[in-house]
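Given the structure is predicted, the values throughout are model-derived calculations rather than measurements.
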Amino acid sequence: MNPSWTWYSGLALLLAACSGGEEEFRVVEAIPPASAEPLRLNEPLTFVFSRAVDPSSVTARSLVLRRSDGVPAEGRFAVEDARVTFLPRAVGARAPLDGGYGAAASVEAELEAFPSRLGVLSTHGEPLARPHRSRHAIVPAATPPAAGFPALFLDVARGIGPRLANRLKAPGDRFATVPPGGHIHLQFTEPLWPPSVNQETIRLLYDNPDRDPVDTVIELVQDQESAIVELWPRDGFQQGTRYLLGLGEPGVLDLAGTEFDAGGVGEVPIRVLEQGAAAPGQDG
C-alpha cells in the first residue's frame, strides 16, 4: 500500500474521531433541488454542506458538473462558508442561447467522498463522508418569443431594465469625447439579450441635418452580472466629424426582456479629440 495513502486515510479517520460527535461532513442540500423546475440558462446552482468548505478544494475535478451532452458545464465556483455556488458562463453574442449549460437537457452533479483524494474538503481537511449525485433538468434552449424570455433566464435586476453604469461625459460638458480611432465604452448594470445589441438599439449617427447612420462595429462582452458594449465607426472616429450616440426607443433588452432605462441619456453628441489628447468622461 502506498505510504502516503495510508497516512491520508489515517488522517481522515483521526479528523472524524476528533469531531466531538459533530455531524459528518456531507452535502446537506442542493438549491434549487433536483425536483424543482428546470434550471434557467443563467441560474446558479448551490450546494450546501454541513460545515464550512475549504475554497482551495473546490475545483472542476472535485465538484463535477457534466451536461447531458457529455460536455462539462462551463462557469465558475463561488465559496461562502458552507455554500458552494456554481455560476454558469454568461450567454454570448455569437451563440446567445449557449451559455454554461449549453443546449443540454440536464446537468448532473457528482461529488466524490472518502477514500477519494480529489473531493471537496471542509476547512478542517475532512473529506466528504458520502458521495453526492443529483441530476438537474435545464430549460429547453429554443429561440424565444419576447413573451417567453422569463422562461429561459432569471431576471438579475428583478423587473428593472438595464442602465448605464458609466458616464459618457463629464458633468456639465456638452459633448462626450473620443480619441481618433478610439471606441465608445458602454457598461450596463446587468447582462443583455445579445440579439438586442445592434445598430437599431445603439445608434451611431452623423451629427448633420439628416442624421445619417454610421456603419458601426458593435462588440458585446458580458458576465453573470454586467455587460460591456464597445462601438466605433467601421472606418474609425475621424477628426473634424461630429457624431451622435442614440440610446433607447427601442433600446437593448436584459435577459428577461425588459428594455433599457435611458434615464434621460437618450442622445449624446460625440466630439473627436485632437490627436494625442486624453478622453475624459468615460470612466466608471
Enquirer: Taking C-beta and beyond as the side chain, do Leu121 and Pro127 meet within less than 4.5 Å on heavy atoms?
Expert: yes
Enquirer: Using the salt bridge (charged side-chain N to carboxylate O under 4.0 Å, His left out) criterion, which residues pair with Arg203? Sequence neighbours excluded.
Expert: none
Enquirer: If you count heavy atoms of other groups shown closer than 6.0 angstrom to CD of Glu230, is the number above 12?
Expert: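 Check passes, neighbour count above 12.
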Enquirer: Test of understanding: with side-chain contact (heavy atoms from CB on, under 4.5 Å), list the residues that count as partners of Pro72, not counting sequence neighbours.
Expert: none
Enquirer: Could you pull out all donor-acceptor pairs under 3.5 Å where a side-chain atom in residues 217-224 meets a protein atom, sequence neighbours excluded?
Expert:
residue	atom	partner	partner atom	Å
Gln222	OE1	Leu192	N	2.6
Gln222	NE2	Val91	O	3.1
Gln222	NE2	Leu192	O	3.1
Asp223	OD1	Glu225	N	2.9
Asp223	OD1	Ser226	N	2.8
Asp223	OD1	Ser226	OG	3.3
Gln224	NE2	Leu87	O	3.2
Gln224	NE2	Pro88	O	3.0

Enquirer: Indicate yes or no: does Glu112 engage Arg133 in a salt bridge with an N to O separation below 4.0 Å.
Expert: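 A salt bridge links Glu112 with Arg133.
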Enquirer: Mind checking whether Phe25 and Phe49 have parallel, tilted or perpendicular rings, split at 30° and 60°?
Expert: parallel
Enquirer: Ignoring hydrogens and geometry, is there a side-chain-to-backbone donor-acceptor pair from Gln238 to Gly236 under 3.5 Å?
Expert: yes
Enquirer: Name the residue from Leu186, Leu231, Val252 that meets the side chain to side chain contact (heavy atoms under 4.5 Å, CB included) definition with Val197.
Expert: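 Among Leu186, Leu231, Val252, the one meeting side chain to side chain contact (heavy atoms under 4.5 Å, CB included) with Val197 is Val252.
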Enquirer: Using the side-chain hydrogen bond (donor to acceptor under 3.5 Å, both in side chains) criterion, which residues pair with Ser35? Sequence neighbours excluded.
Expert: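 Per chain and number, Ser35 pairs via side-chain hydrogen bond (donor to acceptor under 3.5 Å, both in side chains) with no residue.
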Enquirer: I would like to know whether Tyr101 and Leu39 meet side chain to side chain contact (heavy atoms under 4.5 Å, CB included); could you show each step before the answer?
Expert: CA-CA 9 Å; Tyr101 295 133; Leu39 289 169; 3.9 Å; yes
Enquirer: Checking one residue: Leu205. Which other hydrophobic residues are in its cluster under the side-chain 4.5 Å linking rule?
Expert: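 Answer for Leu205: Leu244.
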Enquirer: Considering only residues two or more places apart or on different chains, which pairs with a residue in residues 232-248 satisfy salt bridge (charged side-chain N to carboxylate O under 4.0 Å, His left out)?
Expert: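 Listed by first then second residue: Asp207-Arg242, Asp215-Arg234.
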Enquirer: Donor-acceptor pair, Asn166 side chain versus His185 backbone, under 3.5 Å?
Expert: yes
Enquirer: Please assess Thr216 against Ile202 for the test side chain to side chain contact (heavy atoms under 4.5 Å, CB included), listing each intermediate value before the final yes or no.
Expert: CA-CA 9 Å; Thr216 308; Ile202 301 177; over 6 Å; no
Enquirer: Please identify each residue that fulfils salt bridge (charged side-chain N to carboxylate O under 4.0 Å, His left out) with Arg130, with sequence neighbours left out.
Expert: Glu24
Enquirer: For Asp98, which residues count as a side-chain hydrogen bond (donor to acceptor under 3.5 Å, both in side chains) partner, sequence neighbours excluded?
Expert: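 Once residues adjacent in sequence are excluded, Asp98 has no partner under the side-chain hydrogen bond (donor to acceptor under 3.5 Å, both in side chains) criterion.
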Enquirer: Describe, in one word, how the ring planes of Trp232 and His183 are oriented to each other, choosing from parallel (under 30°), tilted (30 to 60°) and perpendicular (over 60°).
Expert: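 Aromatic pair Trp232/His183 classed parallel.
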Enquirer: Sequence neighbours left out, what passes salt bridge (charged side-chain N to carboxylate O under 4.0 Å, His left out) with Arg135? Give chain and number order.
Expert: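 Scan of Arg135 (salt bridge (charged side-chain N to carboxylate O under 4.0 Å, His left out), adjacent residues dropped) gives Glu108.
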Enquirer: Would a 4.5 Å heavy-atom cut-off, applied to side chains only, mark Ile270 and Phe237 as touching?
Expert: yes
Enquirer: Would you say the side-chain atoms of Thr177 pair up with the backbone N or O of Leu273, donor to acceptor, closer than 3.5 Å?
Expert: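 Looks like no, no N/O pair under 3.5 Å.
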Enquirer: Between Asp254 and Ala256 (side chain of the first, backbone of the second, donor and acceptor by atom type, cut-off under 3.5 Å), is there such a pair?
Expert: yes
Enquirer: List for me each residue that meets salt bridge (charged side-chain N to carboxylate O under 4.0 Å, His left out) alongside Glu43, sequence neighbours excluded, and say none if there are none.
Expert: none
Enquirer: Between Asn198 (side chain) and Thr201 (backbone), is there a donor-acceptor pair under 3.5 Å?
Expert: yes
Enquirer: State, yes or no, whether a side-chain contact exists between Val272 and Thr241 at a heavy-atom distance under 4.5 Å.
Expert: no
Enquirer: Could you tell me whether the side chain of Asp173 and the main chain of Phe175 form a donor-acceptor pair under 3.5 Å?
Expert: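 Side chain of Asp173 to backbone of Phe175, a donor-acceptor pair under 3.5 Å: no, none is there.
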Enquirer: Counting N and O atoms only, with roles assigned by atom type, does the side chain of Ser68 sit under 3.5 Å from a partner on the main chain of Ser106, one being a donor and the other an acceptor?
Expert: yes
Enquirer: How would you list, by chain and number, every residue that makes a side-chain hydrogen bond (donor to acceptor under 3.5 Å, both in side chains) with Ser122, sequence neighbours excluded?
Expert: Glu126
Enquirer: Quick check against the 3.5 Å criterion: does Asn42 have a side-chain atom that pairs as donor or acceptor with the backbone of Leu154?
Expert: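 Yes: the side chain of Asn42 pairs with the backbone of Leu154.
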Enquirer: CD of Glu29: more than 12 outside heavy atoms within 6.0 angstrom?
Expert: yes
Enquirer: Among all residues two or more places apart in sequence or in another chain, which pass the side-chain hydrogen bond (donor to acceptor under 3.5 Å, both in side chains) test with Arg89?
Expert: Glu74
Enquirer: Does the pair Arg26 and Glu23 meet the rule for a salt bridge (charged side-chain N to carboxylate O under 4.0 Å, His left out), with working shown?
Expert: CA-CA 8 Å; Arg26 63 186 180 89; Glu23 181 183 13; 2.5 Å; yes
